Amino acid sequence: MKRLFAGHIPFAAVLALRFAIAGGIASAWELAAAQDVKIGSKTFTESIILSECATHLATDAGITARHVRQLGGTRILWSALQSGEIDLYPEYTGTIREELFSGVALPTVEAMRDKLAQSGIGMTRSLGFNNTYALGMKDDTAERMGIRAVSDLIRYPDLKFGFSSEFMDRSDGWPGLRSRYQLPQMQVKGMEHALAYRGLDAHQLDVTDVYSTDANIVLHDLRVLSDDLGYFPDYNAVFLYRQELQDRLPDYVARLESLAGMIDDSSMLDLNQRVELQHVSETRVAAEFLREKLNVDVEVNEDGRTTRILKTSLAHLWLVVTSLTVAICVALPLGIIAAKWPVQGWFIVGAAEIVQTIPGLAMLVFLGVGFAAVQLPSIGWFPVVVALYLYSLLPILRNTMTGLTSVPKTLLESATALGLSSWSRLWLIELPLASRSILAGIKTTAVINVGYAALGGLIGAGGYGQPIMTGLRLNDTGLMLEGAVPAAIMALAVKTGFELLERVVVPRGLRLK
Amino acid sequence: MLQIRNLTKQFGALRVLQPTNLKLEKGQTTVLLGPSGCGKSTLLRLIVGLLPMDSGEILFDGNPLTPENIRDYRRRMGYMIQDGGLFPHLTVRGNAELLAKRLGWPRDRREARLRELTELTDLPHEALDRYPVQISGGQRQRVALIRALFMDPDVVLLDEPMGALDPLIRSDLQTELKRIFSELQKTVILVTHDIGEAGYLGDTIVLFQSGEIIQQGSLEDLVRRPVAPFVSEFINAQRSPLEGVA
């Protein structure tokens with residue numbers, strides 16, 4: 001009994017302490033994060049640069065702003081904007097027309113503006129560039145053949161085309177383009193975009209699809225063929241913002257409007273390649289641009305690598321510790337119930353098993369949709385913690401059950417015959433005897449969660465997923481390692497921590513042999 | 001002390017205890033004897049309430065045991081099983097004083113009781129802080145006995161307490177049990193299939209076969225006045241160690 005308490009108090013205390021530390025830091029962040037403006041961005045460089053511009057403009061106007069980077073795709077940003085989890089994000093007119101209001105005729109910008117207003121969303125004028133599909137060729141080849149526009153391709157039926165599979169399939173991609181321009185080429189293949197660029201460099205391919213502001217244009221020395229028949233839809237960049245922001249901070253919205261027409265195709269291309277090819281941060285690129293174009297002077301305070309790693313580590317730890325703590329509080333009692341009542345146990349374990357089969361990404365999508373419907377945060381740490389919590393249930397539950405059901409029957413009978421109540425028997429005999437198994441379940445879960453928490457990078461929850469995602473986007477191995485290496489170290493540390501904890505929690509009598 | 005009236009127990013279609021009547025006198029050691037599966041252990045487990053009874057009743061000091069009051073009566077019974085049933089995560093002390101501590105006995109009282117019982121059972125005092133895996137089989141049984149006796153129960157129930165011990169240690173412990181029982185003057189029920197042990201420890205022997213009491217009496221009654229052929233068969237089935245010596 002003495003051992004038991006000597007065991008349980010430190011266990012709870014250690015967890016509570018870790019919880020408090022991480023919780024304190026996270027809530028300090030949340031407090032500091034009581035911003036006037038929350039800005040979102042999609043998972044590609046251009047979107048992040050534009051949102052950094054919006055962030056700098058806010059800072060310059062004395063408004064506190066937080067940029068939640070690379071939150072996800074169009075759907076996630078749009079629902080976050082509608083629910084007010086973010087106040088604005090950069091979008092493209094083509095996307096608004098094709099994805100947000102597909103099936104609705106929006107022939108003019110005014111029609112689009114009216115339609116958005118019905119959802120309480122405002123739209124700035126075009127920022128100046130049109131990031132649409134385009135065809136690209138090696139500049140030297142195009143020069144030699146005298147090709148400047150898409151219609152020039154008709155004269156060269158032997159050219160080899162290699163397109164991204166998305167472009168091959170989309171009705172507004174290759175099929176439509178071919179019939180509009182009556183292109184005669186027969187050698188057309190769908191492939192991974194990175195391979196298409198390599199094919200161009202090796203002169204095995206002649207033409208591929210590009211985005212008109214893509215840094216690859218610079219990297220691979222491509223010429224963008226002009227769409228002389230005006231086939232490709234416009235993807236003009238705009239900011240979408242909540243109309244409520246217009247009421248709250250009209251001056252700030254006016255400043256956003258002042259960006260309209262300031263960024264043409266080649267400026268945007270240049271900004272993108274500064275980030276992707278020259279590895280200058282989006283923050284700095286955006287600041288330099290604003291200084292040059294709008295004479296806005298913002299100080300760029302970028303964290304050093306150590307501070308950055310520390311911050312992502314704390315954010316990561318917060319995801320792991322919170323989800324694990326809640327999971328222990330729920331799964332341990334459920335495991336006890338499941339061990340005592342097999343029928344209920346069958347349903348409990350079954351439910352936890354079903355949860356386990358949902359893939360991580362799908363889980364985030366389900367939770368996002370569900371939470372948005374009931375006004376809970378669909379982005380940031382909350383859905384990630386909930387997802388991790390759900391994944392933690394089964395291993396803790398199962399090990400608790402196994403630990404309890406493998407207590408020898410003779411010991412249970414001895415305890416009963418002594419005159420212990422079933423509650424005392426559980427607390428004094430069964431749980432201590434099951435402690436090793438229960439702790440093993442928690443340890444496994446904690447280690448797995450350290451890995452799984454990188455999912456947070458997908459919906460702006462911070463943590464090691466963030467540098468990993470950014471590193472993937474920028475093809476920057478150093479940045480990927482900045483997430484992956486500390487994650488591996490944290491997993492090892494968690495494992496070691498639990499092995500030390502085992503010495504405290506598991507009664508000494510069970511560790512002898 | 002304990003009175004058993006028309007007690008029956010069935011496992012599925014198998015009747016493990018035929019309607020059984022038995023009176024256990026205060027201060028007496030009664031041995032339940034019989035082959036494996038004869039119902040003797042079942043009877044013990046019914047008394048402690050580890051099994052629900054099908055019909056009949058058990059009176060403890062004249063009061064019937066019920067699922068509602070069994071927990072209180074268990075505290076007046078000490079129960080010990082073959083392998084001791086010691087909790088491996090608790091020390092010897094932790095095992096012995098588990099219930100007393102739960103019931104709020106102060107430390108001095110628990111220590112005093114421990115001292116009495118370690119002396120009574122001849123358990124070395126330094127064993128108190130060891131864990132069950134760290135002591136010998138004979139010592140484990142002593143600890144189990146201490147635990148069973150700790151609350152000073154009126155009735156002590158022992159289910160083949162020496163079944164797992166080697167012969168020398170068993171004989172030692174038998175000697176000590178006889179001394180302890182006569183010192184404490186408790187009502188003792190001991191289950192065994194060893195006729196030598198039964199004769200040595202028991203004031204009364206109750207011989208079971210197939211869930212039924214065949215004969216009840218002293219060892220001498222059983223040997224000299226068997227009521228059925230089975231009684232002699234059972235007694236003669238146990239070989240004397242000297243049988244093979246010319």
Side-chain angles (χ1 to χ4, degrees), chain A residues 1-11 332 336 339-340 399-400 402-441 501-513, chain B residues 41 44-51 67 69-104 107 110 129-135 143-144 147-151 153 155-160 164:
Chain A
M1 190 136 157
K2 198 172 115 222
R3 285 302 311 170
L4 182 83
F5 280 102
H8 277 248
I9 289 169
F11 180 28
L332 207 67
I336 295 170
K340 301 274 163 189
N399 276 46
T400 304
T402 311
L404 288 176
T405 49
S406 53
V407 173
K409 192 161 168 265
T410 53
L411 293 186
L412 295 181
E413 289 190 346
S414 292
T416 306
L418 265 181
L420 289 178
S421 65
S422 42
W423 176 249
S424 315
R425 193 179 81 172
L426 176 70
W427 183 245
L428 296 174
I429 309 298
E430 297 177 68
L431 284 177
L433 289 176
S435 59
R436 188 189 288 268
S437 172
I438 294 173
L439 198 68
L501 196 60
E502 197 181 83
R503 290 166 182 272
V504 184
V505 175
V506 177
R508 202 171 96 81
L510 298 181
R511 287 180 279 115
L512 295 169
K513 271 279 146 67
Chain B
S41 278
L44 209 62
R45 290 153 63 80
L46 284 166
I47 296 173
V48 192
L50 291 175
L51 292 173
N69 67 18
I70 185 68
R71 192 142 67 85
D72 296 326
Y73 279 106
R74 272 179 195 143
R75 292 178 182 171
R76 296 174 62 185
M77 301 187 227
Y79 177 68
M80 173 181 166
I81 57 172
Q82 181 170 327
D83 69 356
L86 295 183
F87 305 121
H89 65 295
L90 299 175
T91 58
V92 167
R93 176 183 273 106
N95 266 284
E97 63 181 20
L98 183 65
L99 189 66
K101 203 167 174 182
R102 193 75 193 151
L103 296 179
R107 192 189 166 81
R110 298 196 311 261
D129 293 311
R130 303 221 178 103
Y131 286 92
V133 290
Q134 296 172 309
I135 58 179
V143 176
R147 188 173 71 182
L149 294 173
F150 203 91
M151 305 305 292
V155 180
V156 181
L157 305 113
L158 307 153
D159 194 351
E160 306 207 20

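What you see is a predicted model; the values in this text were computed from it and never measured. Each chain gets a letter, A, B and so on, in the order the sequences are listed, and its residues count up from 1.
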Where B:R75 and A:G419 come nearest, the two heavy atoms and their spacing
NH2-O, 2.8 Å
Please rank B:R45, B:M151, B:M77 by heavy-atom pairs under 4.5 Å with chain A and give me the top one.
B:R45
Taking every non-hydrogen pair under 4.5 Å, which of A:P408, A:G509, A:S424 racks up the most with chain B?
A:G509
Taking side chain as C-beta onward, heavy atoms only, is B:R74 less than 4.5 Å from A:T416?
yes
Minimum-distance pair of heavy atoms, taken over all atoms of A:A417 and B:V48
CB-CG1, 3.6 Å
If I measure from the heavy atoms of chain A, does B:D72 come under 4.5 Å with its side chain, its backbone, both, or neither?
neither
Contact class of B:L86 relative to chain A, heavy atoms under 4.5 angstrom
backbone
Segment of B:Q134 engaging chain A (4.5 angstrom heavy-atom cut-off)
side chain
Between A:L411 and B:P88, is there a side-chain heavy-atom distance shorter than 4.5 Å?
yes
Which of A:V407, A:L433, A:T410, A:I429 touches chain B most, by non-hydrogen pairs under 4.5 Å:
A:I429
Contacting region of B:R76 [heavy-atom separation from chain A under 4.5 Å]:
neither
Atom CG in A:L420, atom CG in B:L98: separation rounded to 0.5 Å?
5.0 Å
Minimal non-hydrogen separation, A:L428 against B:H89, with atom names:
O-NE2, 2.8 Å
